[in-house]
Q: 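The structure is given below, and queries will be raised subsequently.
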Amino acid sequence: MSITVNNLSYTHPDREVLFSGITFSVLSNGRTSLTGNNGTGKSTILKIIAGALPKTGGDISLTGSLCYVPQHSGQYNDITVAEALGIAEKISALDSILAGAGTEEDYNILNEDWDIEDRIAAAFRDWDLKEITVSEKMKNLSGGEKTKIFLAGISLLRPDIIVMDEPTNYLDRKTRKKLYRTIEDSHATILVVSHDRELLNLMDVTLKLTHQGINRYGGNYDFYKTIKDSERQALMDSIAEKEKSLRAARRTASEVLERKLKRDSRGDRKQRQEGVPRIMLKTIKDGAEKSCGNLRDNHTERIETAASEARELRSKLPPSHEMKIKLERSDIHKGKLLVFAKDINISYESEKPLWKNPLSVKIFSGDRIHISGDNGSGKSTLLRIITGELEPQCGTVERGTSSFIYVDQEYSFIDSSCTVIGQLEKFNTGDRPDHIVKTELHRFLFSETT
């Protein structure tokens, strides 16, 4: 029940190396988080471990069965819940056997899982999925319901190893709490990628992935953060001390040179007053200039050494990773009615309406609205109706604008065949200059794009 990763590497199809030489292990029954900045390859490592993506090099050893909870589930939209959980063949085999048409292959496929239907029902009940069947298409489920399907798979399949990629992203508070309890009670080996600090603090070990490799910290996220903050503060103190020395060296050099020039100037005047021959004055002047040059060179060398040491220390500081988001003001005056949805409702494959009571919504320009609710309550459906991507089956929707931007859970508007800058150029309908486009990318931490 362990994970061993040795010298793992992955190269994108365009031959750009994402990471190489990654080595770590998760011991039996251990709980480990994999952290790191966006783009370092955390999700890619989990996909490789789960067998969802081929590695470029290195070795992975798993001892025990594995269950994978993916971050994005759009790739499962065209299959059923049973297929997503990998149990479709077992259910089909059981149906054939119970119908009296079972073959030897059906018995081999089912193996000892005669109680699989009861276990499915129990797992779905446990994760509040009682109204969902294994024949349901994944595309009909909300983001939170899709995640809960994979979490129910943990209860159903009882794996030795659990690998989870941002499992709390689409979960409501109640389900997140249940996931925390499940992890605390589990005896499985767990590897998780997440930005959820509460989840990260349930881990025993923190792995930090950077473009230089991977570092191990023997504790949860708070422990790791304390260590990193101490390291950063120590580095900042060293930089401050080095810059203080640099300022002192520059000040000393300036003062020493100024005193030397004043002494030389006084000596020159005195020698002229005493009638020293002109040829001797030139010799003395040349010697003074040479001495002054040597003095300047000595101090310049010291200053450059101190400046180089300060630059080296500053280069060790981790880069700032704070996105700078600027939302332009709308030309529409505040208070204009943009959307008026009256008595709307919708049904999917079943005839049961999504909402017990039809919804009525008014949205005015300038509004800032937060929609909350349990997984499966229809939050995403309501957004799709508001933006016109989906029409209700009853009720009416009046829209005072046709200008909408809808960022769905799967980022489906992204063209995966495009480069980052190519994708942004598709949205550049206002023909903004290249330097403006690249500035926008930089604000969102894309410093190098192709």
Side-chain angles (χ1 to χ4, degrees), residues 10-19 36-44 46-47 52-54 56 70-79 138-143 146-147 165-166 169-170 193 195 211 319-332 336 338-339 363 365-369 371 379-391 397 399-450:
Y10 181 78
T11 302
H12 289 299
D14 63 0
R15 298 185 179 180
E16 179 186 359
V17 177
L18 179 59
F19 54 73
N37 295 326
N38 292 333
T40 51
K42 303 184 298 297
S43 294
T44 300
L46 295 198
K47 289 177 183 177
L53 188 69
T56 303
Q71 177 180 3
H72 299 295
S73 49
Q75 67 271 32
Y76 299 94
N77 279 348
D78 294 330
I79 62 177
M138 289 287 284
K139 67 181 179 182
N140 295 333
L141 307 183
S142 70
K146 290 175 184 177
T147 300
D165 192 357
E166 300 287 1
N169 269 6
Y170 309 129
V193 166
H195 287 87
H211 290 298
S320 173
H321 282 82
E322 295 182 359
M323 287 195 299
K324 298 176 182 178
I325 301 175
K326 182 181 179 182
L327 298 179
E328 301 288 349
R329 287 185 173 274
S330 171
D331 293 333
I332 302 175
K336 178 183 178 180
L338 299 180
V339 177
I363 300 177
S365 61
D367 284 351
R368 302 290 186 268
I369 300 171
I371 302 175
K379 302 185 295 296
S380 296
T381 297
L382 178 58
L383 289 180
R384 293 174 65 196
I385 290 175
I386 287 171
T387 58
E389 184 178 309
L390 191 65
E391 291 297 331
V397 182
R399 302 179 183 89
T401 178
S402 59
S403 178
F404 293 95
I405 294 178
Y406 175 47
V407 182
D408 62 25
Q409 295 175 352
E410 303 293 343
Y411 303 99
S412 58
F413 62 91
I414 295 293
D415 183 351
S416 59
S417 66
C418 283
T419 62
V420 173
I421 197 166
Q423 180 68 66
L424 194 58
E425 285 171 347
K426 279 192 170 186
F427 299 135
N428 187 20
T429 55
D431 292 327
R432 292 188 174 187
D434 286 347
H435 72 277
I436 298 295
V437 173
K438 290 179 179 178
T439 297
E440 290 296 331
L441 286 171
H442 186 72
R443 286 175 179 161
F444 284 84
L445 309 181
F446 292 102
S447 56
E448 296 180 7
T449 56
T450 56

Q: About how many Å separate CD1 of I385 and CD of E391, when rounded to the nearest 0.5 Å?
A: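 Answer rounded to 0.5 Å: 8.0 Å.
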
Q: For the backbone of Y170 and the side chain of T147, can you confirm whether one donor and one acceptor N or O come within less than 3.5 Å of each other?
A: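 No, because the side chain of T147 does not come within donor-acceptor range (under 3.5 Å) of the backbone of Y170.
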
Q: So, applying side-chain contact (heavy atoms from CB on, under 4.5 Å) with L383, which one of V407, D408, L390, I371 is it?
A: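 Considering V407, D408, L390, I371, a side-chain contact (heavy atoms from CB on, under 4.5 Å) with L383 is found only for I371.
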
Q: Tell me, with the steps shown, if I414 and Q423 meet side-chain contact (heavy atoms from CB on, under 4.5 Å).
A: CA-CA 7 Å; I414 295 293; Q423 180 68 66; 3.8 Å; yes

Q: To the closest 0.5 Å, what do you measure between CD (Q71) and CG (N169)?
A: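 Going from the CD atom of Q71 to the CG atom of N169 covers 5.5 Å.
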
Q: How far does OG1 of T56 sit from NE2 of H12, to the nearest 0.5 angstrom?
A: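 So the OG1 of T56 and the NE2 of H12 are separated by 9.5 Å.
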
Q: So, taking the atom named CZ in F19 and the one named NZ in K42, what distance separates them when rounded to the nearest 0.5 Å?
A: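 Nearest 0.5 Å value for the CZ-NZ distance: 11.5 Å.
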
Q: Go through the structure and list residues passing salt bridge (charged side-chain N to carboxylate O under 4.0 Å, His left out) with E389, not counting sequence neighbours.
A: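 For E389, the residues satisfying salt bridge (charged side-chain N to carboxylate O under 4.0 Å, His left out) (neighbours in sequence not counted) are R384.
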
Q: If you round to the nearest 0.5 Å, how far is CG of D78 from NZ of K139?
A: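 K139 NZ to D78 CG: 6.5 Å, rounded to 0.5 Å.
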
Q: Output, in order, the C-alpha distance, side-chain angles, deciding distance and verdict of side-chain contact (heavy atoms from CB on, under 4.5 Å) for V339 and F404.
A: CA-CA 11 Å; V339 177; F404 293 95; 4.2 Å; yes

Q: Using the side chain to side chain contact (heavy atoms under 4.5 Å, CB included) criterion, which residues pair with S380? Sequence neighbours excluded.
A: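 So S380 forms a side chain to side chain contact (heavy atoms under 4.5 Å, CB included) with Y406, Q409.
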
Q: To the nearest 0.5 Å, tell me how far I386 CD1 sits from T381 OG1.
A: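 It comes to 11.0 Å.
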
Q: Judged by atom type as modelled, is there a donor-acceptor pair below 3.5 Å linking the side chain of E166 to the main-chain atoms of H195?
A: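 Side chain of E166 to backbone of H195, a donor-acceptor pair under 3.5 Å: yes, one is there.
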
Q: Keeping the roles fixed (side chain from T40, backbone from G36), state whether a donor-acceptor pair exists under 3.5 Å.
A: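 No, T40 side chain to G36 backbone: no donor-acceptor pair under 3.5 Å.
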
Q: At their closest point, which heavy atom of S43 faces which heavy atom of D165, and how far apart are they?
A: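 Closest heavy-atom pair between S43 and D165: OG-OD2, 2.7 Å.
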
Q: Counting only heavy atoms not in I369 (residues, nucleotides, ligands), do more than 12 fall under 6.0 Å from its CD1?
A: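 Enclosed.
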
Q: Which heavy atom of L18 sits nearest to which heavy atom of H211, and what is that distance?
A: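 Smallest heavy-atom distance, with atoms named: O-ND1, 4.3 Å.
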
Q: Give the C-alpha distance, both sets of side-chain angles, the deciding distance and a yes or no for side-chain contact (heavy atoms from CB on, under 4.5 Å) between V17 and Y10.
A: CA-CA 6 Å; V17 177; Y10 181 78; over 6 Å; no

Q: Where do P70 and Q75 come nearest, in terms of heavy atoms and distance?
A: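 Looking at all heavy atoms of both residues, the shortest contact is CB-NE2, 4.5 Å.
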
